[in-house]
Amino acid sequence: MTGVARSVVELRLSSCSLLTSEGLEHLSSFRKLEVRDTSGCERIGDLAPFYISKVTTLTRLNLAKARITDVGLALLGAGDLPIVQLCIRKCEKVTDKGIKSLFHADRKICKTLLVLDVGYIPKITDAAIFTIATAAKALTDLSLRFCNGVTDAAVQMLMDRPNHNSSQLQMLDLCSCRGLSAEAIMLPLPLYAFHRLRWLGIGLTDIVAKRGIFSAICEARPRLVVCGVCCDFGCCDGWQWHKVR
């Protein structure tokens, strides 16, 4: 088994209801592991990030619905892994403090992270978004869906800084961020606002009522797809022609 572990590149254990943190203790023997998916493994707690941090080759990590807290994120950050894609969706015990500790002290993740999903976390607020936008220098895709603590201030910050890391965003999911008002995105747009954005999700927000604004935005940004339903990243229908699947 040890020999097999040394050659494994991807390990997918999603929705294994009996898997615990202790079951991941020997992850360090997976010396070539790049992808680890334990989404839906709800018995995984704060020890898991400690074991995960021993896998120095890991670049894609999915911890959706794990029972990790800010302590777990601090342990993951301390491992200083070159993570490119991270999902902590529905890790409901995480707060702004955990996000800050993940990116503390200019770790590797600050330079390597491209895709981040912090959706469905009730204690995530604008403070976490400011941390992410400031620290994650390469970030292109950000999912904040169902984060009701996110307000207009965070969206304005993402829009208003032409030379900031946030200007690199290509996909932004704000679906059901109930803290956003209908005026969260207003015209006229700052010259460089969302100039690289290719996909914007605003389903189940008050912004959906502003169809005229988004028609104007789509004219100014012809490559931009605005999704007013609740798709995850990357649906390809345009604003006026979106089909509910």
Side-chain angles (χ1 to χ4, degrees), residues 12 14-15 35 37-40 60-66 84-92 94 113-122 124-126 128-129 132-133 136 138-152 154-159 166-187 189 193-245:
R12 300 189 184 275
S14 58
S15 300
V35 180
D37 181 356
T38 53
S39 57
R60 286 189 283 167
L61 177 61
N62 191 334
L63 289 167
K65 297 183 76 173
V84 172
Q85 185 172 331
L86 176 64
C87 177
I88 54 171
R89 175 182 289 200
K90 295 187 178 180
C91 294
E92 297 181 348
V94 168
L113 190 66
L114 299 177
V115 181
L116 177 62
D117 187 341
V118 294
Y120 298 85
I121 302 180
I124 290 290
T125 72
D126 293 346
I129 311 312
I132 293 165
L139 192 69
T140 60
D141 300 356
L142 176 62
S143 177
L144 305 173
R145 56 170 41 217
F146 288 81
C147 289
N148 293 334
V150 175
T151 72
D152 295 5
V155 175
Q156 289 299 317
M157 188 275 297
L158 293 174
M159 289 174 56
S166 57
S167 68
Q168 299 183 92
L169 281 179
Q170 297 178 21
M171 292 198 279
L172 176 63
D173 190 353
L174 301 173
C175 174
S176 196
C177 290
R178 299 300 177 90
L180 299 179
S181 74
E183 284 71 43
I185 300 176
M186 295 292 291
L187 293 176
L189 284 177
F194 293 153
H195 72 289
R196 294 188 183 179
L197 205 65
R198 296 185 289 105
W199 189 89
L200 176 64
I202 48 131
L204 297 179
T205 67
D206 289 341
I207 309 171
V208 174
K210 299 286 186 175
R211 286 182 175 246
I213 285 181
F214 285 99
S215 293
I217 290 175
C218 289
E219 282 185 25
R221 307 280 192 273
R223 297 177 57 205
L224 178 64
V225 172
V226 180
C227 174
V229 197
C230 290
C231 297
D232 269 316
F233 282 149
C235 65
C236 58
D237 288 329
W239 170 260
Q240 296 92 340
W241 308 279
H242 202 293
K243 302 177 182 67
V244 180
R245 293 178 175 83

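No experiment lies behind these values; they were computed from the predicted model shown.
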Peer 1: To the nearest 0.5 Å, tell me how far Ile207 CD1 sits from Ser181 OG.
Peer 2: 7.5 Å
Peer 1: How many angstroms lie between CG in Asn62 and CG in Asp117, if you round to the nearest 0.5 Å?
Peer 2: 8.0 Å
Peer 1: Can you measure from OG1 (Thr140) to CG (Leu172) and round to the nearest 0.5 angstrom?
Peer 2: 11.5 Å
Peer 1: What closest approach, in Å, do Ala184 and Met159 show between heavy atoms, and which atom pair accounts for it?
Peer 2: O-SD, 4.3 Å
Peer 1: Taking all atoms of both residues into account, what is the closest heavy-atom pair of Cys91 and Lys65, and its distance?
Peer 2: SG-N, 4.0 Å
Peer 1: Could you report the tightest heavy-atom contact between Met157 and Ala133, atom names first, then the distance?
Peer 2: CE-CB, 3.4 Å
Peer 1: Could you tell me the separation between the CG atom of Leu116 and the CD1 atom of Ile132, rounded to the nearest 0.5 Å?
Peer 2: 5.0 Å
Peer 1: Once you round to the nearest 0.5 Å, how far does CZ of Arg145 lie from SG of Cys231?
Peer 2: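 Answer rounded to 0.5 Å: 8.0 Å.
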Peer 1: So, for Arg178 and Asn148, which heavy atoms are closest and what is the spacing to 0.1 Å?
Peer 2: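 Of all heavy-atom pairs spanning Arg178 and Asn148, the closest is N-OD1, 3.1 Å.
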Peer 1: Do Leu144 and Val118 touch side chain to side chain, with heavy atoms closer than 4.5 Å?
Peer 2: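 Yes; the side chains approach each other to less than 4.5 Å.
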Peer 1: Please tell me if the side chains of Leu139 and Leu169 come closer than 4.5 Å, counting only heavy atoms from C-beta onward.
Peer 2: yes
Peer 1: Heavy-atom distance under 4.5 Å between the side chains of Leu204 and Phe146, does that happen here?
Peer 2: yes
Peer 1: In Å, rounded to the nearest 0.5 Å, how long is the span from CG of Leu63 to CG of Leu86?
Peer 2: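 The CG atom of Leu86 is 6.5 Å from CG of Leu63, to the nearest 0.5 Å.
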Peer 1: Is there a side-chain contact between Asp152 and Leu180 in this structure, where contact means two heavy atoms from C-beta onward sitting under 4.5 Å apart?
Peer 2: yes
Peer 1: Over all heavy atoms of both residues, which pair between Cys147 and Tyr120 is shortest? Give the atoms and the distance, please.
Peer 2: SG-N, 4.0 Å
Peer 1: For a quick test of reading the model, state the closest non-hydrogen atom pair linking Trp199 to Asp232 and the distance between them.
Peer 2: CZ2-O, 3.4 Å
Peer 1: Is it the case that Ser14 and Asp37 place a side-chain donor and acceptor less than 3.5 Å from each other?
Peer 2: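 On atom types as modelled, these side chains do not qualify, holding no pair under 3.5 Å.
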